[in-house]
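Report on one structure; see the data block that follows.
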Amino acid sequence: MEPIYEGKAKRLFTTDNPNELRMEFKNDATAFDGKKKAQFEDKGRLNAAISNLIYAMLEERGIPTHFVRSISDTEVIVKKLEILMIEVIIRNTAAGSFCKRTGTEEGWDFSEPLVEFCIKSDELGDPLINEAYIRELKLATADEVAHVTKAALEVNQILQEFFLKAGLKLVDFKLEFGRLATDPSVLVLADEISPDGCRLWDVETGEKMDKDRFRRDLGGVMESYAEVLKRLS
Ligand code: ADP
Ligand code: TMP
Ligand code: ASP
């Protein structure tokens with residue numbers, strides 16, 4: 001069966017239900033908007049397991065997500081959405097592009113979480129934008145921006161606590177949201193939450209346990225993902 005979409009890390013397929021999709025996690029890893037590529041055995045399984053566990057936990061805590069059910073080690077049934085073409089990034093601690101943009105050192109904690117928006121476009125390099133850009137580019141309505149901001153901050157609170165119990169500091173992460181195919185007035189959390197789109201540091205040692213190991217050639221990428229899954233399970 002041909003996928004209806006093949007991305008850098010996942011494939012999407014139709015199902016018998018027009019309002020649901022099958023999402024398959026691949027073993028492919030990319031960084032820097034797809035410029036750096038590799039394959040890691042077991043990556044699809046590890047990210048699917050981590051993301052499913054987190055989405056099930058978020059649903060229990062009252063956050064609506066696209067998660068329907070897991071059907072194999074690497075495949076999940078999700079609600080079909082019209083994805084907002086914005087990435088919502090929450091930062092608790094300075095790292096990554098924040099440090100690059102501001103010329104600051106990595107690792108200092110913010111007084112309050114930072115909310116950032118980027119255009120979801122590899123071609124453009126996911127540029128940082130603000131609410132006025134979102135309005136003028138018609139990427140989302142003002143109500144939707146307010147909704148995703150509130151939801152992302154709630155998710156941050158829940159995840160910070162969840163990861164801390166596993167000895168992990170949630171430095172920053174990216175979320176995607178989409179409008180339900182069955183009711184576009186309803187926005188739900190989409191895509192995945194895994195070490196691909198989060199920065200996670202070991203609380204004791206400060207060791208990086210996420211995709212920065214791949215971005216920075218630190219080695220032990222899958223060992224870290226497996227350790228994250230083990231601690232969360
Ligand atoms: P990318 O497109 O950035 O290469 P992936 O390889 O992870 O990323 O591909 C998954 C794609 O599926 C993403 O573009 C994401 O926005 C989209 N997506 C995630 N969840 C859903 C959903 N429930 N319905 C429709 N599209 C989704
Ligand atoms: P950044 O510091 O590179 O802007 O990344 C912030 C967080 O968002 C980090 O945890 C990685 C995640 N992220 C993605 O998942 N996808 C992306 O395309 C980008 C740019 C960041
Ligand atoms: N998610 C982007 C990519 O896969 C950017 C990154 O993670 O560095 O290329």
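Ligands are counted one by one from 1 in listed order, and the atoms in each one are counted from 1 as well.
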*Look at atom 3 (C) of ligand 3 and say which protein heavy atom is nearest, naming residue and atom and giving the distance to 0.1 Å.*
Thr30 OG1, 3.2 Å
_Distance from atom 3 (O) of ligand 1 to nearest protein heavy atom, with residue and atom_ = Lys8 NZ, 2.8 Å
*So is Glu116 polar-close to ligand 2, meaning N/O to N/O under 3.5 Å?*
no
*Say whether Lys8, considering both its backbone and side-chain N or O atoms, lies within less than 3.5 Å of an N or O atom on ligand 3.*
no
*Quick one: are the ring centres of Phe173 and Phe163 less than 6.0 Å apart?*
no
*Does the ring of Phe214 carry Lys36 above it, NZ/CZ under 6.0 angstrom from centre and within 45° of its axis?*
yes
*Out of Asp33, Asp210, Asp212, who gets a non-hydrogen atom closest to atom 5 (C) of ligand 3?*
Asp33
*Could you list which atoms of ligand 2 come closer than 4.0 Å to a heavy atom of Arg215?*
11 (C)
*For Arg215, is at least one N or O under 3.5 Å away from an N or O on ligand 3?*
yes
*Non-hydrogen atoms of Glu176 versus ligand 2: any pair closer than 4.0 Å?*
no
_Under 4.0 Å to a heavy atom of Leu21 - the qualifying atoms of ligand 1, by number_ = 24 (N), 25 (C)
_For atom 2 (O) of ligand 1, closest protein heavy-atom neighbour_ = Tyr5 OH, 2.4 Å
*Can you list the atoms of ligand 3 that are under 4.0 Å from a heavy atom of Gly34?*
3 (C), 9 (O)
*Asp191 neighbourhood, listing ligand 1 atoms whose heavy-atom distance to it stays under 4.0 Å*: 7 (O), 10 (C), 13 (C), 15 (C), 19 (C), 20 (N)
*Other residues, nucleotides, ligands: >12 heavy atoms within 6.0 Å of Lys80 NZ*: no
*Taking only heavy atoms of Arg91, which atoms of ligand 2 are found under 4.0 Å from at least one of them?*
1 (P), 2 (O), 4 (O), 6 (C)
*Begin from the C-alpha positions of Asp210 and Arg199 and carry the test salt bridge (Lys or Arg N to Asp or Glu O under 4.0 Å) through to its verdict.*
CA-CA 6 Å; Asp210 56 70; Arg199 285 196 174 90; 5.1 Å; no
*Answer side chain, backbone, both or neither: which part of Asp122 comes under 4.0 Å from ligand 1, heavy atoms only.*
neither
*Test item: side-chain donor near acceptor, Arg11 and Thr74, under 3.5 Å*: no
*Could you check atom 14 (O) of ligand 1 against the protein and tell me its nearest heavy-atom contact, residue, atom and distance included?*
Lys120 NZ, 3.1 Å
*Report, in ascending order of atom number, the atoms of ligand 1 lying under 4.0 Å from any heavy atom of Val78.*
23 (N)
*asked:* Hydrophobic clustering (ILVMFWY, side-chain heavy atoms < 4.5 Å, transitive) - are Ile119 and Phe177 grouped together?
replied: yes
*Taking both backbone and side-chain atoms of Ser97, is any N or O found less than 3.5 Å from an N or O belonging to ligand 2?*
yes
*Report the nearest protein non-hydrogen atom to atom 1 (N) of ligand 3: residue, atom name, distance rounded to 0.1 Å.*
Lys211 NZ, 3.7 Å
*Where is the nearest protein heavy atom to atom 7 (O) of ligand 1: which residue, which atom, and how far?*
Lys10 NZ, 2.5 Å
_For ligand 2, which is the ligand I care about here, please tell me if Asp126 has any N or O atom under 3.5 Å from one of the ligand's N or O atoms._
yes
*Please work out whether any backbone atom (N, CA, C, O) or any side-chain heavy atom from C-beta onward of Glu176 is under 4.0 Å from ligand 1, and answer side chain, backbone, both or neither.*
side chain
*asked:* At less than 4.0 angstrom from any non-hydrogen atom of Cys198, what atoms of ligand 2 do you find?
replied: 10 (O)
*Can you tell which part of Lys26 has a heavy atom less than 4.0 Å from ligand 1: side chain, backbone, both or neither?*
neither
_Which residue and heavy atom of the protein sit nearest atom 6 (O) of ligand 1, plus the separation_ = Ala9 N, 2.6 Å
*Quick one: does ligand 1 sit under 4.0 Å from the side chain of Ile83, the backbone, both or neither, non-hydrogen atoms only?*
side chain
*What atoms of ligand 1 come within less than 4.0 Å of a heavy atom belonging to His66?*
20 (N), 21 (C), 22 (C), 23 (N)
